[in-house]
Protein chains: 2
Amino acid sequence: MAAMDIANHLRRHKKSLTRARTEIWRILTQSEKPLSPNEIHRRLNTPKANLATVYRNLRALQDVGLVREIDLREAFKRYEAILAGRHVHHIMCQVCGRIDKIRHCMIQDMANAIQKESGFTLEDHYLECFGICPSCQPHKTEAQGA
Amino acid sequence: MAAMDIANHLRRHKKSLTRARTEIWRILTQSEKPLSPNEIHRRLNTPKANLATVYRNLRALQDVGLVREIDLREAFKRYEAILAGRHVHHIMCQVCGRIDKIRHCMIQDMANAIQKESGFTLEDHYLECFGICPSCQPHKTEAQGA
DNA sequence: ACAAAAATGCAAATCGTTTGCAAGTCTCAT
DNA sequence: ATGAGACTTGCAAACGATTTGCATTTTTGT
Ligand SMILES: [Mn+2]
Ligand SMILES: [Mn+2]
Ligand SMILES: [Zn+2]
Ligand SMILES: [Zn+2]
């Protein structure tokens, strides 16, 4: 979904194109990692839309398929823009909290096995990983940057 | 972890073996699917331990590695016993909510690719799937049971 | 059995998220 | 451009899950 598609996307679902939605979409597409509702709210231009509006719009954007919810076992959920229909997974550093994307995913390859094992059709999945990022790894020359 | 190991497990972490913990462990090991704190509380024998105690003990059991938290995008988390150190994933029916286990997992096979792509070591991951269970699938003879 | 450590009940507090409602904004046909 | 209706927003209150303080009870190790 290119950035400009947002208008059509919303119209198709009879949702309005509002300043809050435009801004949230901009914030999400500019972020390198999924953001929490609070983080999004903090980044809004003044006058800031209400936090409740952020929540409502995150749901609206999810409804039309522009945004995805990410659970990294924190106290809150994170949200990210779905670009080009691509779906990605994440890996979070257990030491410093850094979050990177994982584009590698072989779940589709597992689909057959899963459907055979469970009898379910596989419609959706989420995969989130936890590990230690390069700068937090011990016993290294620490040559690589953060 | 066999059912009897719970005592040693707890002792090793200087946690007491209490009635509430024993009961929660029994309830979790007897359940075919992960349970919410409320579900667990409901299944407690009278006199019921307090719900706060259930929460505290679920955390304690996680701390010692006996219990795992599962997020199926519901309003609450679910918890399940970790048996024999095995880790499983789940698939939940998007129509009726039925939850089945998936023992099939090739994430370990992805580990190399993920580590190469992100530079992170892969310490942990979770994978949860959503689909449609046999009894909820349309265009079928409906021959198979629930 | 005893003293110290850990766990519990209970109620209040937190915290993320949702909701009702009146007022404001957007959309679309005229 | 304009007006009515549809949709959205702000605000504060409500919610529900989870956590916490503290006095009391249970468990542990000796
Ligand atoms: Mn995937
Ligand atoms: Mn796995
Ligand atoms: Zn790190
Ligand atoms: Zn089903």
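Here is how names work: the chains are called A, B, and so on, in the same order as the sequence lines, proteins then strands, and each is numbered from 1. Being a predicted model, the structure only gives us computed values, none of them experimental.
Between B:Ile40 atom CD1 and D:dA17 atom P there is a gap of 14 Å when expressed in whole angstrom units. Rounded to an integer number of Å, the gap from B:Lys77 NZ to C:dT17 C1' is 14 Å. Atom CD in B:Glu39 sits roughly 12 Å away from atom P in D:dT18 (whole-Å rounding). Per the geometry, CZ belonging to A:Phe76 stands 15 Å off P belonging to C:dT18, to the nearest Å. Per the geometry, NE2 belonging to A:His41 stands 11 Å off C1' belonging to D:dG10, to the nearest Å. Nucleotide D:dT18 holds its C1' atom 11 Å from the CD atom of B:Glu69, rounded to whole Å. In this structure, B:Arg42 atom CZ and D:dA17 atom P are separated by 10 Å, rounded to whole Å. Across the protein-nucleic acid pair, A:Ile24 atom CD1 and D:dT9 atom C1' stand 12 Å apart, rounded to whole Å.
Place B:Pro37 and B:Leu17 on DNA chain D by their nearest nucleotides, and B:Pro37 ends up nearer the 5' end.
Residues passing the ring pair (Phe, Tyr, Trp, His ring centres under 6.0 Å) test with A:His125, sequence neighbours excluded: A:His87, A:His89. With sequence neighbours left out, the side-chain hydrogen bond (donor to acceptor under 3.5 Å, both in side chains) criterion links B:Arg78 to B:Glu39, B:Glu74. For A:Ser118, the side-chain hydrogen bond (donor to acceptor under 3.5 Å, both in side chains) test picks out no residue, with sequence neighbours left out. For A:Glu69, the salt bridge (Lys or Arg N to Asp or Glu O under 4.0 Å) partners two or more places apart in sequence, or in a different chain, are A:Lys77. The ring pair (Phe, Tyr, Trp, His ring centres under 6.0 Å) check on B:His13 picks up nothing, with sequence neighbours excluded.
Think of A:Ile102 as one node in a network of Ile, Leu, Val, Met, Phe, Trp and Tyr side chains linked at under 4.5 Å; its network also takes in A:Ile91, A:Met106, A:Ile107, A:Met110, A:Ile114, A:Phe120, A:Leu122, A:Leu127, B:Ile91, B:Ile102, B:Met106, B:Ile107, B:Met110, B:Ile114, B:Phe120, B:Leu122, B:Leu127.
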remark   = Scoring nucleotides 7-15 of chain C by protein non-hydrogen atoms under 4.0 Å (B base, S sugar-phosphate only, - none) yields SBBB-----

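Note on B:Arg98 versus B:Asp100: salt bridge recorded, some NZ/NE/NH1/NH2 to OD/OE distance being below 4.0 Å. Here B:Asp124 does not pair with B:Arg68 in a salt bridge; the nearest charged N to carboxylate O distance is not below 4.0 Å.
Sorted by first and then second residue, the pairs that involve residues 8-18 of chain A and meet salt bridge (Lys or Arg N to Asp or Glu O under 4.0 Å), not counting sequence neighbours, are A:Lys15-A:Asp63.
For the OP1/OP2 pair of C:dT17 and a distance below 4.0 Å, the side-chain nitrogens and oxygens of A:Arg59 include no atom meeting the criterion. Taking side-chain N and O atoms only, B:Tyr55 has a distance below 4.0 Å to OP1 or OP2 of D:dT18.
Axis angle between the ends of the helix from C:dA1-D:dT30 to C:dT30-D:dA1, five pairs each and rounded to 10 degrees, works out to 50°.
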